[in-house]
Amino acid sequence: GSAVVEHEHAHLSVAVSVAGLAVLGILEIVRSLYANRLAARFGARLGSAAFLAATNGPGAGFGDVQPLRDLATIRTFVASRSLFFLFDLPFGPLFLVLLYFVHPLLFAITLVGVVIMVIIALLNQAVTGRSGREAGDKLAATMNAAQTFARNFETVRALGMVSSIIEFWGDRFAQSLRASDKVARNNAFYSGLSRTVRILLQLAALAVGAYLVLADEMTAGMMFAASIISGRVLQPIDQIVGNWRQIAETGQAWKRVTALQKQVFGERHADVELPPPVGALTLDQVVYFLPNTDPGDLPLIKRLSFSVNAGECIAIIGPSQAGKSTLARLIVGAIQPRSGVVRIDGADIQNWRPDQLGKHLGYLSQEVELFPGTIGQNISRFEADPFDREIIAAAQRAQVHQLLLGLPRGYATVIGPMGVRLSGGERQRIGLARAFFGDPRILVLDEPNANLDAEGEAALERAILNARSGKRTVLLITHRPSLAAKCDRILMLRDGQIELYGPAQDVLHRLAQGQNKPVTQSAAANPAVGTANESRGLLDQSTPSRLQN
Ligand SMILES: Nc1ncnc2c1ncn2[C@@H]1O[C@H](COP(=O)(O)OP(=O)(O)O)[C@@H](O)[C@H]1O
Ligand SMILES: [Mg+2]
């Protein structure tokens, strides 16, 4: 009878083992399913924030989307096993205590093991941490360079730069690979060391356990239990060392994303929605330093103060590099002054939520960027459900409706990488329509005529005159006297300071005479007023085509 019972026992234990393994397998599937879900949810939750951070980050202007890559790094980590090793870590001390009750000697061996392995982990971090960051930065820089070359590849080809940039880029890429390889080599060494030490210790624990069993100090079952528990303590440390690179990279990615998010979302805004402004504009002691200026350097915009009445049209003139475009970007809140305030209707523009302020502003930057989408979407600023009549009204205000109707697909013309390539003039005029979308109270136009032909310029002039008669505040950066003359006042900027500011005719007259004397109080107080010689001939009455340059 007992043989049968034993046989049944064996059957049962095989069945239990198989069932146990099946449960383990299912749990493993569930784990990775949920890890993937968690990662996806994480991505969905942080995606827009990372996008915002990417588009606002320091490298954004160069097409750097590091925060989005960081988010991908974090997502990969969440979906990976490394996360679970981290979760195992806090249970280590618990198992260690358990081991103590099995046998103090086994506890002591494992504790020594933990100490050695933690030292290995710390050494690993010390050696690979910094070089890992460097390798990451190098790779990011290489990818950014590739993006820029790809975007401008026609120029690259036309200028015969292809083989040169292949060499240039290849060299950079090789450097980043070398840096990465160095990190991997170090990590491989420590990871191997850690694994060897762990296995040695586990074997030692087993040997000591066997000895204790022979010395009748514990049972064989306890020996196996002790071996398993000791493995539970040591394994997570070992696995963390092995996966350290991914963990460290995720940590850096997390740091970067959260820091940027704070920066992007930490801006102060009033919670109440302010009414549409009337359009008065004041700059109060505005100082702006270029990014990465040395402590001793002068600011680009030097304590600039002036005001513009609602409905007034101001032409901003001045030589190249005077800071005109920077001034425009400060006024529309694209960049923030180091000190001083830009006010619209008396309210600091920092108190506006950018999306709300933007609706009341029409801004045309000097280098017009249109976005991948249709012309209609570009004009309506990618609003989800714009009214067609508002798009058309904007185009009409910008005097570009007829031009757009002339295109084969009209407003539905797709532009960007997948679509039509527009000429500089077309881009500028569509950008103007975008500025006019929603009939904003304040228009800031940075050299809107730079790429226009005679017909385009006449259209621009009509658009500006319309805006002026509609009591819109217009700031118009231009080199063309004929256009500046259409404005109420002219502000002449030089070296980040006001040189002249007064009624258009007065300023033009003074410039024509070469008597570049201050017209207003604020300019009079300004010590950097140019001499008459400097500006003589800037505006030759016989050929009044350009004010400067
Ligand atoms: N983000 C920037 N980084 C470095 N230099 C800049 C940046 N923006 C502007 N500058 C520099 O500031 C100066 C003034 O630029 P800008 O405002 O465009 O002048 P303007 O429009 O009057 O020609 C230029 O010398 C330009 O190179
Ligand atoms: Mg400019």
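In each ligand, atom 1 is the first atom listed, and ligand 1 is the first ligand listed. The figures that follow rest on heavy atoms only: side chains count, while hydrogens, waters and symmetry mates do not.
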For each nitrogen or oxygen atom of ligand 1, which protein N/O atoms lie closer than 3.5 Å, and how far apart are they, rounded to 0.1 Å?
| residue | atom | partner | partner atom | Å |
| --- | --- | --- | --- | --- |
| ligand 1 | 17 (O) | Ser325 | N | 3.4 |
| ligand 1 | 17 (O) | Thr326 | N | 2.9 |
| ligand 1 | 17 (O) | Thr326 | OG1 | 2.5 |
| ligand 1 | 19 (O) | Gly323 | N | 3.3 |
| ligand 1 | 21 (O) | Ser325 | N | 2.9 |
| ligand 1 | 21 (O) | Ser325 | OG | 2.8 |
| ligand 1 | 22 (O) | Ala322 | N | 3.2 |
| ligand 1 | 22 (O) | Gly323 | N | 3.0 |
| ligand 1 | 22 (O) | Lys324 | N | 2.8 |
| ligand 1 | 22 (O) | Lys324 | NZ | 2.9 |
| ligand 1 | 23 (O) | Gln321 | N | 2.8 |

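Only one option out of Arg494, Arg510, Lys324 pairs with Glu499 in a salt bridge (Lys or Arg N to Asp or Glu O under 4.0 Å); it is Arg494. Exactly one residue among Gln252, Arg256, Lys255 makes a side chain to side chain donor-acceptor pair (under 3.5 Å) with Asp70. That residue is Arg256.
For the pair Thr73 (side chain) and Thr250 (backbone), a donor-acceptor distance under 3.5 Å is absent.
Atom CD1 in Ile379 sits 5.0 Å away from atom CG in Leu404 (nearest 0.5 Å).
Residues Lys138 and Glu134 are not paired through a salt bridge, judged by the lack of any N-O separation under 4.0 Å between the basic side chain and the carboxylate. The pair Glu457-Arg480 meets the salt-bridge criterion, with a side-chain N (NZ, NE, NH1 or NH2) lying under 4.0 Å from an Asp/Glu carboxylate O.
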Residues 285-304, side-chain donor-acceptor partners within the protein, below 3.5 Å, at least two apart:
| residue | atom | partner | partner atom | Å |
| --- | --- | --- | --- | --- |
| Gln285 | OE1 | Arg303 | NH1 | 2.1 |
| Thr293 | OG1 | Leu290 | O | 3.0 |
| Asp297 | OD2 | Asp294 | N | 3.3 |
| Lys302 | NZ | Pro299 | O | 3.4 |
| Lys302 | NZ | Asp495 | O | 2.5 |

Checking salt bridge (charged side-chain N to carboxylate O under 4.0 Å, His left out) for the pair Arg427/Glu367: CA distance, chi angles, key distance, verdict?
-> CA-CA 10 Å; Arg427 272 209 303 279; Glu367 259 142 53; over 6 Å; no
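The side-chain contact (heavy atoms from CB on, under 4.5 Å) test applied to Ile344 returns Pro277, Leu281, Ile349, Leu357, Leu361, Ile442, not counting sequence neighbours.
Of all protein N, O or S atoms, those under 2.8 Å from the Mg ion (ligand 2) number 2.
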